[in-house]
Amino acid sequence: MELFSKVLKIVILIVFFISCGKKEKEKLRKFPTVGEIERLDKQLDEVISPDAVIEVLSTGHEWSEGPIWIKEEQKLVYTDVRNQKIFQWTENDSVTLYLDMKDGDRLGPSALLVDKDDKLVILQYGHGQAVKMNSPLDKPTNDFSVFVDNYNGVRFNNTNDAAFHSNGNMIMSDPPPVKEDGLKAAVYSISPKGEVKIVTDTLSSPNGIAFSPDERTVYIANADWKHAIWIAADVDEDGDISNGRLFFDATGNAPKEKGHPDGLKVNKNGIIFATGPGGVYILNPEGKHLGTILNDEFNTNCVLDDKEETLYITSGPKLMRVKLKPKS
């Protein structure tokens, strides 16, 4: 019995040291870096530390997009539009396949969202629809229910990006038609029951959408090189949107840089992270340009982790991240 006890102690010690070694290895794990962070205003130092870098977490995608952060599993889930696949990334396991949605030659999933019922909502760009996955987030399957696919009987063009309001309405962008009989480019509000109404059809190519922390303002990107702007609009208690106005104009950068206004996110302090020509623009709630995450890629979208300590960026073939300034 005494011998068994000694052997058990030795085994426990070995396991302990192996575990410590793995943790230490994870801490020392290095990723290649690219680009630089352009600082235009000292307020940026409150958002991104002066020594922050742009890390490349993964390469080799056809067109990465639509990232979301799943707090419970501490993982990132994002799409590869052209490959019709959804991937996941964790600190320990790096990139693995989340779901293969291959369906003919049409472009695949673009934006991802999670609704109030913890259902994954997928905007299928090439299908002109939004679907809900019937299986749990941690057990993905190709079992879907169509949430919305038309306006007044006409199928959407290429459902692109969306955001949920706390009242359950989904605000969704649908860019210009690829067919002559398609819908005019517009932003829609879809109720939890699937009722659809137009929010605005004044933008030439509506794209990324995000609400301010108090939900009194919504920001919408216009993915047009000739009119590369973001607008802001008022949101009332019912979630209705009005008073659209220019928030920021990057048209001057569009001809000489990769990308156009695309996906965007807003942190709890109202700071906007907006992918656009040349990188990810960091703007304060007044529309002041604080700086840009420059990475020489066509940046498509971004998302914050649950602690808002890291910004993850999808950029065509790459998945990147920037560590933000820790909360004091």
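Index from 1, following the sequence. Basis for what follows: all heavy atoms, side chains included, without hydrogens, waters or symmetry-related copies.
The side chain to side chain contact (heavy atoms under 4.5 Å, CB included) test with Leu107 is passed by exactly one of Val81, Asn83, Asn158: Val81. With His61 as the fixed residue, the ring-ring contact (aromatic ring centres under 6.0 Å, His included) test singles out one of Trp89, Phe298, Phe87: Phe87.
Scanning all heavy atoms of the two residues, the minimum distance from Val114 to Asp118 falls at CG1-CA, 3.6 Å. When every heavy atom of Asn160 is checked against every heavy atom of Tyr125, the shortest pair comes out as ND2-CE1, 3.9 Å. Between Val280 and Thr275, the closest heavy-atom pair is CG2-CG2, 4.0 Å. For the pair Leu264 and Ala210, the tightest heavy-atom approach, listed with the atom from each and the gap, is O-CB, 3.7 Å. Contact between Leu123 and Ala162 at its shortest, heavy atoms only, is CD2-CB, 4.0 Å. The two residues Val121 and Lys132 make their nearest non-hydrogen contact at CG2-CG, 3.9 Å.
Checking side-chain atoms of Gln43 against main-chain N and O of Asn284 turns up no donor-acceptor pair under 3.5 Å. Checked by atom type and distance alone, the side chain of Ser173 pairs as donor or acceptor with a backbone atom of Asp161 at under 3.5 Å. Looking only at distances, a side-chain donor or acceptor of Asp80 sits under 3.5 Å from a matching main-chain atom of Trp63. With hydrogens and angles disregarded, no donor-acceptor distance shorter than 3.5 Å links the side chain of Thr292 to the backbone of Leu294. The backbone N or O of Pro140 lies less than 3.5 Å from no partner atom in the side chain of Ser135, so there is not a single donor-acceptor pair. The closest donor-acceptor contact from the side chain of Thr79 to the backbone of Pro109 lies under 3.5 Å. Between the Lys102 side chain and the Gly108 main chain, no donor and acceptor come within less than 3.5 Å of each other. Not one N or O on the side chain of Asn301 forms a donor-acceptor pair closer than 3.5 Å with the backbone of Thr314. The main-chain N or O of Ala221 is never found under 3.5 Å from a side-chain atom of Asn207 such that the two would form a donor-acceptor pair.
In this structure, a donor-acceptor pair under 3.5 Å is absent between the side chains of Asp305 and Gln74. Judged by distance alone, the side chains of Gln84 and Arg106 never bring a donor and an acceptor atom under 3.5 Å apart. A donor atom on one side chain and an acceptor atom on the other are found under 3.5 Å apart for Asp249 and Thr251. Side-chain atoms of Asn134 and Ser145 include a donor-acceptor pair closer than 3.5 Å.
Salt bridge Asp93/Lys75: absent, no basic N to carboxylate O contact under 4.0 Å. Between Asp296 and Lys318 there is no salt bridge, since no side-chain nitrogen of the basic residue lies less than 4.0 Å from a carboxylate oxygen of the acidic one. Ion pairing of Arg321 with Glu91 is present here, as a side-chain N (NZ or NE/NH1/NH2) and a carboxylate O approach within less than 4.0 Å. Using a cut-off of 4.0 Å between Lys/Arg side-chain N and Asp/Glu carboxylate O, Glu309 and Lys307 are scored as not salt-bridged.
Phe247 places a side-chain heavy atom less than 4.5 Å from the side chain of Leu283. A heavy-atom distance below 4.5 Å is not found between the side chains of Ile241 and Ser189. For the pair Asp240 and Lys197, the minimum side-chain heavy-atom distance is below 4.5 Å. Side-chain contact between Asn169 and Ser191 is present, with heavy atoms from C-beta onward closer than 4.5 Å. When side chains are defined from C-beta on, Arg216 does not count as touching Val235, because their heavy atoms never get closer than 4.5 Å. In this structure, Leu290 and Ile271 have side chains that are in contact, with non-hydrogen atoms separated by less than 4.5 Å. Residues Thr90 and Gln88 are not in side-chain contact: their nearest non-hydrogen atoms beyond the backbone lie 4.5 Å or more apart. With a 4.5 Å cut-off on side-chain heavy atoms, Pro277 and Pro261 count as touching.
Ring pair Tyr188/Tyr151 is tilted by interplanar angle, where 30° to 60° counts as tilted. Relative orientation of the Phe211 and His165 rings is perpendicular, given thresholds of 30° and 60° on the angle between their planes.
Both Ile209 and Ile231 belong to a single network of hydrophobic side chains, linked directly or stepwise wherever heavy atoms of I, L, V, M, F, W or Y lie under 4.5 Å apart. Taken together through direct or relayed side-chain contacts under 4.5 Å among Ile, Leu, Val, Met, Phe, Trp and Tyr, Val218 and Trp230 form parts of separate hydrophobic clusters. A continuous path of Ile, Leu, Val, Met, Phe, Trp and Tyr side chains, each step under 4.5 Å between heavy atoms, connects Tyr98 with Met101, placing both in one hydrophobic cluster. Clustering ILVMFWY residues whenever any of their side-chain heavy atoms sit less than 4.5 angstrom apart, transitively, puts Leu137 in the very cluster that holds Leu112. Residues Ile70 and Val303 do not share a hydrophobic cluster, defined by chaining ILVMFWY side chains whose heavy atoms lie under 4.5 Å apart.
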*Decide yes or no on side chain to side chain contact (heavy atoms under 4.5 Å, CB included) for Tyr78 and Thr300, but give the supporting numbers first.*
CA-CA 11 Å; Tyr78 62 101; Thr300 60; over 6 Å; no

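The structure places CD of Glu215 at 10.5 Å from OG1 of Thr217, a figure rounded to the nearest 0.5 Å. To the nearest 0.5 Å, the span separating CG on Leu120 from CG on Leu99 amounts to 8.5 Å.
Atom NE2 of His289 has more than 12 heavy atoms from other residues, nucleotides or ligands within 6.0 Å. Applying the 6.0 Å contact sphere to NZ of Lys288 captures no more than 12 heavy atoms from other residues, nucleotides or ligands. Counting non-hydrogen atoms of other residues, nucleotides and ligands closer than 6.0 Å to CG of Asp214 gives a total above 12.
For an aromatic pair to be called close, the ring centres must be under 6.0 Å apart, and Phe156 with His127 fails this.
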